[in-house]
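Report on one structure; see the data block that follows.
Just so it is clear: chains get the letters A, B, ... in the order the sequence lines come, proteins before strands, and each one is counted from 1.
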Amino acid sequence: DEDLQTKDEL
Amino acid sequence: MNIFRLAGDVCHLVAIIILLLKIWRSRSCAGISGKSQVLFAIVFTTRYLDLFTVFISPYNTIMKVVFLALSYATVYLIYMRFRNTFNSENDSFRLEFLLVPVIGLSFLENYAFTPLEILWTFSIFLESVAIMPQLFMITKTGEAESITTHYLFFLGLYRALYIANWVWRYHTEGFFDQIAVVSGVVQTIFYIDFFYLYVTKVLRGRGKMTLP
C-alpha cells in the first residue's frame, strides 16, 4: 500500500 | 535518525545485554519473568518480518537481527540452559489476559488489513504490555535484585527517549505514527511507578529493591 509510511523505527 | 532515537535504541540494547549478562554470569534466571521474555521475542519476530520485504538501512537491518538474536538467546537461557533456576511459580501472570485483547485490537485498529500490517500492529500493542508479567512478578515477590531494576530502568528510558524522538520528528518532519505513539505513551506510563521506586530505593540504597 503506497499510503503506508516506511517503518524505519525499531 | 536523531539523537533521541539513537539514544533510545542504545538504551534498549543496553537493557537486553544487562539481562543476558546477569543470567549468564550468575548462572541463574531467578527473579526474571520468562513470560515477559517470550513476549518480547514474539514482539521482535512479528515486527521484523519486513526484514524479508523492504531494505531500510544497514543500521536498521543489523539492529533488527541483533534484537532478534539476543531475545531468543535470553529465552533459551531461561527455559533451557538455566531452567532449574527459573521461579515458574512466581511467573504466574495469565498471558491470555494480554494476548486476547492485543490480538483483537490489532485486527480492529491497523493501517491496512494485510497480514504484515496486522502482525506489525500486534507487535506494537504487545510490546506496550509485554513487561507486565515481570512487573507482576516483582509485585508478587515484593522484591527485585538491583541488576533486574537496572534492566527495567534502561527499558523504561528507551521508551521515554522514543517519545522525545516522536516529539522531535513531529516538529521537524511532520511525522506522526498514531498507533506507535499511543501505544508507546501507554507503555511508558507502566514504568513511571517503577522509576519512582528505582530512584528512591535503588539509587539511594544498596542491593535489592523491596516494595513498601
Side-chain angles (χ1 to χ4, degrees), chain A, chain B residues 1-2 4-6 8-13 16 43-44 46-51 53-68 71 110-114 116-117 119-121 123-124 127 158-159 161-163 165-166 168-169 173-181 183-184:
Chain A
D1 193 57
E2 68 275 9
D3 290 339
L4 292 175
Q5 287 170 310
T6 308
K7 296 178 175 68
D8 65 318
E9 293 183 346
L10 298 165
Chain B
M1 180 62 78
N2 58 65
F4 303 111
R5 165 70 204 288
L6 184 63
D9 288 345
V10 169
C11 285
H12 196 182
L13 197 58
I16 293 171
V43 163
F44 290 135
T46 50
R47 186 174 309 165
Y48 298 161
L49 289 171
D50 64 354
L51 275 172
T53 59
V54 286
F55 176 76
I56 294 163
S57 65
Y59 172 84
N60 191 276
T61 302
I62 292 166
M63 290 296 268
K64 282 174 173 171
V65 172
V66 168
F67 281 145
L68 277 166
S71 70
N110 50 58
Y111 293 133
F113 204 77
T114 61
L116 271 184
E117 278 299 318
L119 285 168
W120 177 84
T121 311
S123 83
I124 294 287
E127 186 186 355
Y158 141 64
R159 294 315 315 180
L161 285 162
Y162 254 70
I163 292 180
N165 157 57
W166 290 324
W168 177 265
R169 290 190 71 176
E173 313 164 27
F175 171 89
F176 180 69
D177 183 331
Q178 189 185 324
I179 290 177
V181 171
S183 316

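- A distance-only check finds no donor-acceptor pair linking the side chain of B:Tyr162 to the backbone of A:Glu9 [under 3.5 Å].
- Ranked by non-hydrogen atom pairs under 4.5 Å with chain A, the options B:Met63, B:Lys64, B:Arg5 are led by B:Arg5.
- Contact tally against chain A (heavy-atom pairs below 4.5 Å) for B:Tyr59, B:Phe67, B:Tyr48: the top residue is B:Tyr48.
- Here the CG atom belonging to B:Asp9 is positioned 4.5 Å from the CG atom belonging to A:Leu10, to the nearest 0.5 angstrom.
- The backbone N or O of B:Ser123 lies less than 3.5 Å from a partner atom in the side chain of B:Arg47, making a donor-acceptor pair.
- B:Asp177 places a side-chain N or O within 3.5 Å of a backbone atom of B:Ala180 that can act as its donor or acceptor partner.
- With a 4.5 Å cut-off on non-hydrogen atoms, B:Asn60 touches chain A through its backbone and its side chain both.
- At a 4.5 Å heavy-atom cutoff, B:Phe44 makes no contact with chain A through either its backbone or its side chain.
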